[in-house]
Visitor: 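Before I ask anything, here is the structure I am working with.
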Amino acid sequence: MLSALSYQLRREFFKKKSNVVIAILGVLFAALIIGVTHMMYLESEAVRNPDVVAAGISIAAMIVFDFTLAQISSGDLLFTNSDVNFYLAGPFTPKFNLLLPIITCLKTSVILLFVLSCQGAVLGNLLHVSGLDMIVLLIAVFIVSVIGYTFSQIVNALAYDKKVIRNVIEGIFIGLQIIVVLVSAYTLYKKAGSINAIPDLGSDKIITTVGDSIILKIIPIAGWISLITDGIYKASIIKLVFGIALTILSVAVLAFVANTFEFDYYERAIESAQKIAERVAAAKAGVDASANMTKLKNDGKKHVGGWGPSVFFHKHLNENRRATKLFFINKLATLYKIMVIIYCGFMTKTMGDDPSAMVVMALVMLGLLDTIVFAGGKSVVEITKPYFYLIPEKTSKKLFYTVMGGVPEIIFNALLAAVVVMWAYASGINVPIAIAAFVFFFFYDLLCTYTAILAGLIFKSFGKTLLTIVRYMIF
């Protein structure tokens, strides 16, 4: 059975040579970033604080564990249609087939490691980590994600039809993490004397307060990996041995459950495979798969509006309206704006009194993150559809109307970017700078969209895959 599984995985990976090329480029780029991080550490005059590094790794482990818990809330078993047709219908046991969604989760873990490695320079500036610290961080996060995803898939397989049980399990973990945040906030409040004075404590003090929380250490999996890293960085044999013992015990418990309990999840696996296939198809078509299906059915009876190439504009507009009434808000772009404000808040003290320095940093971060958001989407996938070429109009005109469907999101995003830039300008509200920021990001987001379209047209499927990797590198 293992030979059949390994053969399929090898065949799937080597089927396209671009997969091999992208994998090699990804490893080399990650190694390069880690090397640059170590060089920054050697040349930096800042003193490395092992307590801050250990606390930062603990926080990262807790955040990654949150991602794995998201699988429990959905109850999905990450099977694909090919898995269902080959393995579930073949001479493979349910226990063996449970490896399939776990392996799918491991692919997500690898992507997560790549994204984290690309943040080496940021972490080096914030935590003063070395290249070796980055390797320890990646190993810790990988272990947490592997055990966490395995735990979530086993829970879903055993309680796929018992949503209450899954909600209770997820609620316990989330409750512990909320307690960590509340206790840490109260501790920081007591140390600073007031809420407004908390940023004055500095990023090191804030990180160590949250990362060294006793409650964080008792959170299964993430807390136990945190004990191991604490034992390494703080030379505590007790924490190291205790953390390793608890981690081994958790793996042993999962193995015992997987080997002892009877699994009857095939019906849920087929359902999950169909849902995943629908989500993939919806993503390729630029449609929100979570939109209300009744509303989609009713809206489908109406004419989308426009004629000829202008249909593309109205089509995208209607699809956005079906997903949410606030169709002009891009959730990911808005989240990134909040991330920029938080990061700039941490870096306030290191930027000095020059307001232009903070503005430049905000502009750079906003531009990089907007590249991730707008270098793709409906406009890029639209050109892959056969009906795009069947409309007897100039390609430039069809591209224009296709891109215009995303203009409401671009306008609102540019307004948010202008607000963030004004906030970063510490000397006060500066209307000319805000207007300039709005104009810049409006045309920059349009440029990102057109560049992604050109990459898709020139390099075909390899260009789209490479563009995705570049977006992860920037992030």
Side-chain angles (χ1 to χ4, degrees), residues 54-78 101-102 104-119 122-123 126-127 136-157 159 163-185 206-230 243 246-247 250-251 254 279 290 331-332 334-336 338-339 342-343 346 369 372 472 475:
I57 295 176
S58 300
I59 295 173
M62 185 177 69
I63 294 173
V64 170
F65 190 59
D66 280 340
F67 285 113
T68 65
L69 291 179
Q71 300 293 330
I72 297 179
S73 61
S74 65
D76 289 339
L77 290 166
L78 301 184
I102 294 175
T104 302
C105 293
L106 292 182
K107 297 176 183 178
T108 305
S109 301
V110 172
I111 296 175
L112 179 62
L113 292 180
F114 176 75
V115 174
L116 278 177
S117 65
C118 293
Q119 298 305 300
V122 176
L123 295 175
L126 183 62
L127 303 178
V136 173
L137 170 64
L138 296 178
I139 294 175
V141 166
F142 182 72
I143 294 174
V144 169
S145 62
V146 169
I147 300 177
Y149 279 127
T150 303
F151 170 73
S152 66
Q153 292 301 299
I154 290 178
V155 169
N156 289 344
K163 188 175 181 180
V164 175
I165 295 177
R166 298 201 314 270
N167 290 341
V168 169
I169 294 174
E170 185 183 18
I172 292 173
F173 287 106
I174 294 178
L176 288 173
Q177 295 175 15
I178 291 176
I179 293 174
V180 170
V181 174
L182 293 178
V183 171
S184 301
I206 295 175
I207 292 172
T208 51
T209 301
V210 178
D212 288 339
S213 173
I214 297 177
I215 302 175
L216 189 149
K217 308 301 179 185
I218 67 175
I219 296 177
I221 303 174
W224 301 338
I225 297 298
S226 175
L227 285 174
I228 296 176
T229 55
D230 276 3
L246 288 174
T247 303
S250 65
V251 174
L254 290 176
R279 290 172 185 171
S290 62
K331 297 178 182 178
L332 184 60
T334 304
L335 176 62
Y336 284 160
I338 298 174
M339 291 172 54
I342 294 174
Y343 182 76
F346 273 117
L369 294 174
I372 299 172
Y472 275 124
F475 179 73

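Computed from heavy atoms alone, side chains included, the values below leave out hydrogens, waters and symmetry copies. Fair warning: this is a prediction, and the values are worked out from it, not measured in the lab.
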Visitor: Minimum heavy-atom separation for K217 and G211, please, with both atom names.
Guide: NZ-O, 3.1 Å
Visitor: Does the side chain of P220 come within less than 4.5 Å of F173's, by heavy atoms?
Guide: yes
Visitor: Find out whether I147 and T247 are in side-chain contact, i.e. whether some heavy atom of one side chain is under 4.5 Å from a heavy atom of the other.
Guide: yes
Visitor: Taking atom CG of D66 and atom OG1 of T68, what is their separation to the nearest 0.5 Å?
Guide: 7.5 Å
Visitor: According to ring pair (Phe, Tyr, Trp, His ring centres under 6.0 Å), who are the partners of Y149, at least two apart in sequence or on a separate chain?
Guide: none
Visitor: Can you name the nearest heavy-atom pair linking I169 to V155, along with the distance?
Guide: CD1-CG1, 3.9 Å
Visitor: In Å and rounded to the nearest 0.5 Å, what is the CG to CD1 distance from L216 to I219?
Guide: 5.0 Å
Visitor: Got a sec, which residues hit side-chain contact (heavy atoms from CB on, under 4.5 Å) with I338, two or more places apart in sequence or on another chain?
Guide: I342
Visitor: State, with a plain yes or no, whether a side-chain heavy atom of I228 is found less than 4.5 Å away from one of I225.
Guide: yes
Visitor: If the test is side chain to side chain contact (heavy atoms under 4.5 Å, CB included), which one of I221, V251, I102 qualifies with T150?
Guide: I102
Visitor: Looking only at non-hydrogen atoms, find the nearest pair between F65 and A222 and report the distance.
Guide: CB-CB, 3.9 Å
Visitor: Using every non-hydrogen atom in the two residues, find where V144 and V64 come nearest and quote the distance to one decimal.
Guide: CG1-CG1, 4.3 Å
Visitor: Show the nearest heavy-atom pair for residues I218 and I215, with the distance to one decimal.
Guide: CG1-O, 3.0 Å
Visitor: Can you name the closest pair of heavy atoms from L137 and A60 and give their distance?
Guide: CD1-CB, 3.7 Å
Visitor: Are any of the side-chain heavy atoms of F142 and L138 separated by less than 4.5 Å?
Guide: no
Visitor: If I take atom OG from residue S213 and atom CD1 from residue I179, how far apart are they, to the nearest 0.5 angstrom?
Guide: 9.5 Å
Visitor: Taking atom OG1 of T229 and atom CD1 of I139, what is their separation to the nearest 0.5 Å?
Guide: 12.0 Å
Visitor: If we only count heavy atoms from C-beta on, is the M62 to S226 side-chain gap below 4.5 Å?
Guide: no
